[in-house]
Amino acid sequence: MITHLNVAAPSNNTNYRKIKQPAVPTAQQVNEMLKNLDKHTLAIYKNGQIHYYNQRNLKPVFLALKDFNNDFKDCYIVDRRISKASAILFAYGNAKNITTPIMTKSAQEFFIKQGINCKADQITDSVLDKNSKIKCPLEKSVLNTDNPYEGYQILKQKVFPKGIEYEKQFYKNGMSPEEYKILDKKLNLLYLNTRKNSALNFKGRLYDATAFIQAHTLLNRGLTNIGGCAIPNAIMSNTKEEALERIGMSTLSVTFAFIMPLFLLPKYNKFFLSKNSIVKNFANNEKKIIQVSKEYLTKDTQTMIKGIRESAKQLKAEADFENILQRFKGKEQDLKTKLLKAHEQILRSDFISTGLLMGSIPWIATGITEYKTGRKGFSATFNMLEEKEISKKEHRKSKLKRLAGTLAFAFIPGILLSKVVTNGLSSTTANIIKNNAQNFNYTSGVSMSKTVNAMKWAFTGFLAKLPSSRDKYELRDRTAREGATFVMFFGGDFLINNILGRLSDRFLGTKIMNTDKYKGQKIGFLKSFLLPTRRFRKLDNMKNVSPDVIKKTKNIGAILYWVSLITNMAVLGFTVPHFLNKMLRHSVEKDKSRNIIFKKKNTEFDLYKNIESLIKTNKF
């Protein structure tokens, strides 16, 4: 835990004069503060006093944070110029009201996200360095974070690069010995805890990659496929041909998983947004309208408009989304209907193409095996059974029937389910789909949610693969293997994360489990098992949670995520194939025994018939 500085009174570094005024400054006082920015860099009004600061860059803000005990909550701030760097420091101090002549666009966007009221006469793209040539390094250092606590730590290292002694000397000027003693103690504790926590700071590229994988379900499934199906299943295969098939199927599965979001879905989005006359110009950000959450389309048009505008701020598409709203002014219900229709058409196309692609995978892999070996049965039984002879005509007929089954499972569920989802979203009465509308979103408009993936896997990908089974042994194996993968990916992964996350929240003080739905209510034993984990990308937005808890949640949550993923891979890659191979051998041996008994009975029957025939003809 990092302790904030808490020095008793404003130091002599500030030039302030006492004014008997109410807590909020008048317009005249604000104008006076703005006018005095010619002489000073920062002015802060609190409790009838105006504090002026004369330092340059971020030093006056750091000094003000120390003077006001890191609390700008009841202050009115007037700054000469606000960049995102200074904006982060004001947010760190819980500032609520700020005025400035000049503010950068990145600072404005940050203030909007933080809910901070800030007035500016001019908005500029960026702050340049003292030579007015390149972007200020302080501004650049915090462009990729919206977490005030994290930004404060980054900026502190930039402003005080020589560490604790340099910072002490900066604050020491004008302080009494008693004040400096308190400051010295708190700074020593601050730096000690910073060093301790830095060893556990799970951030940077690895943390960003973890958050990205969690947000993109297909990528998560691709990793599970490689680590839990391709390599381990090939190792656990019964024959060389089976191993090659499994590697081939996993490779195709991962390839198709990347083709879908990167190639097909952007095409679907563009085609159906254009077909429904929602987007006119695809060169700008109007196309991002497809990323507006479906939860905004389940209520009235005012909720939809509010949701579109909120999404526009996050997607940096305010002007482009306003163009769409202006085109549909007075026809908002028509816009809502068209958006729902576009989502239905995209979902249907996605379902069908997924079914066709995933259903084609075993056909391709088994077709290569048949071409190379000439054998038509399940490759796992090549060393266990002699293949029955079957005519080419019968084999072709069987293939056509099974291919028809694959096509049926690829098309029919996609058509029906996309309609069911749209009807649920547009229904005037509450239902499970409408209440969980956000679970049907696509991340960045291209990567399906876990709910959509589960539906597609269960009703298209899984069912479309079954007809390609070459015999009863492969049908049993594929049903069990795909079923176990489905259960582990959606159930096992959820259960592992749920148990580990709840234990961490209880004993380590993290906030991994998302309990926002219950708002402080007591959660029962069964309901606790249905709690989802928080999304890594939204951890910085948690309200009423200290920065230290957010940091701890990120660290431990990311580690537990990988523990869960690797555990899943181990179960799918080694445990499931072990039992399936055991069942397969048992099933083959059982069938072999039956065939031997059947042949023996036939032989005995033939012998009896021959003896009877010989007696009748008096040849015995």
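The model shown is predicted, which means the values in this text are computed figures rather than measured ones.
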Pairwise distance [atom1]([X]) to [atom2]([Y]) - rounded to 0.5 angstrom:
| X | Y | atom1 | atom2 | value |
| --- | --- | --- | --- | --- |
| Ser311 | Ile290 | OG | CD1 | 12.0 Å |
| Thr366 | Arg470 | OG1 | CZ | 5.0 Å |
| Asn269 | Ile346 | CG | CD1 | 4.0 Å |
| Thr485 | Glu482 | OG1 | CD | 5.5 Å |
| Leu325 | Lys331 | CG | NZ | 12.5 Å |
| Leu503 | Ile556 | CG | CD1 | 12.0 Å |

So, for [X] and [Y], which heavy atoms are closest and what is the spacing to 0.1 Å?
| X | Y | value |
| --- | --- | --- |
| Trp363 | Pro467 | CZ2-O, 4.2 Å |
| Lys338 | Asn276 | CD-O, 3.0 Å |
| Phe409 | Leu463 | CD1-O, 3.2 Å |
| Thr145 | Ile88 | O-CD1, 4.0 Å |
| Gln438 | Glu295 | CB-OE2, 4.1 Å |
| Leu508 | Lys552 | O-NZ, 2.9 Å |

Short side-chain donor-acceptor distance under 3.5 Å, [Y] and [X]:
| X | Y | value |
| --- | --- | --- |
| Asp350 | Tyr442 | yes |
| Asp300 | Thr303 | yes |
| Tyr268 | Ser353 | yes |
| Asn441 | Ser449 | no |

Measure the shortest side-chain to side-chain distance between [X] and [Y] over non-hydrogen atoms and say whether it is less than 4.5 angstrom.
| X | Y | value |
| --- | --- | --- |
| Leu315 | Asn285 | no |
| Val421 | Met455 | yes |
| Val142 | Phe110 | no |
| Lys554 | Lys551 | no |
| Met249 | Asn233 | no |
| Glu109 | Lys105 | yes |
| Leu531 | Asn514 | no |
| Phe440 | Leu347 | no |

### Query
Does NZ in Lys341 sit with more than 12 non-hydrogen atoms of other residues, nucleotides or ligands closer than 6.0 Å?
no
Ignoring hydrogens and angles, tell me if any N or O in the side chain of [X] forms a donor-acceptor pair with the backbone of [Y] under 3.5 Å.
| X | Y | value |
| --- | --- | --- |
| Arg535 | Gln214 | yes |
| Ser360 | Leu357 | yes |
| Thr553 | Thr510 | no |
| Thr422 | Ser418 | yes |
| Lys287 | Asn284 | yes |
| Lys275 | Ala342 | no |
| Asp505 | Ile512 | yes |
| Arg402 | Ser468 | yes |
| Asp477 | Tyr473 | no |
| Asn581 | Met236 | yes |

### Message
Evaluate Val292 against Phe321 for side chain to side chain contact (heavy atoms under 4.5 Å, CB included), listing each step before the verdict.
### Response
CA-CA 10 Å; Val292 174; Phe321 281 19; 3.9 Å; yes
Give a yes or no on whether a salt bridge exists between [X] and [Y], defined as a side-chain N under 4.0 angstrom from a carboxylate O.
| X | Y | result |
| --- | --- | --- |
| Arg246 | Glu242 | yes |
| Asp146 | Lys84 | yes |
| Lys419 | Glu344 | yes |
| Arg478 | Glu474 | yes |

### Query
Which residue, Lys270, Lys280, Arg327, forms the salt bridge (Lys or Arg N to Asp or Glu O under 4.0 Å) with Glu286?
Arg327
### Query
Could you go step by step and tell me if Asn117 and Lys96 meet the side chain to side chain contact (heavy atoms under 4.5 Å, CB included) rule?
CA-CA 6 Å; Asn117 179 33; Lys96 298 299 178 186; over 6 Å; no
### Task
Kindly assign one of parallel, tilted or perpendicular to the pair Tyr152 and Tyr92, based on the angle between their ring planes and the thresholds 30° and 60°.
parallel
### Task
Just do the side-chain hydrogen bond (donor to acceptor under 3.5 Å, both in side chains) check on Thr104 and Ser106 with the steps written out, would you?
CA-CA 5 Å; Thr104 63; Ser106 58; 3.3 Å; yes
Result block: side-chain N/O donor-acceptor pairs under 3.5 angstrom for residues 566-577, not counting sequence neighbours:
from	atom 1	to	atom 2	distance (Å)
Thr567	OG1	Val563	O	2.7
Asn568	ND2	Met488	O	3.1

### Task
Can you run down the side chain to side chain donor-acceptor pair (under 3.5 Å) pairs that involve residues 424-434, sequence neighbours left out, and say none if there aren't any?
Ser427-Thr429
### Message
If you apply the rule salt bridge (Lys or Arg N to Asp or Glu O under 4.0 Å), what do you find for Glu322 with Arg309, and how did you get there?
### Response
CA-CA 8 Å; Glu322 281 299 326; Arg309 285 178 173 148; 2.7 Å; yes
### Task
I would like to know whether Glu310 and Tyr296 meet side chain to side chain contact (heavy atoms under 4.5 Å, CB included); could you show each step before the answer?
CA-CA 10 Å; Glu310 286 179 0; Tyr296 296 123; 3.2 Å; yes
### CA sep, side-chain torsions, deciding dist, call: Thr460, Leu417, side chain to side chain contact (heavy atoms under 4.5 Å, CB included)
CA-CA 10 Å; Thr460 57; Leu417 288 170; 5.8 Å; no
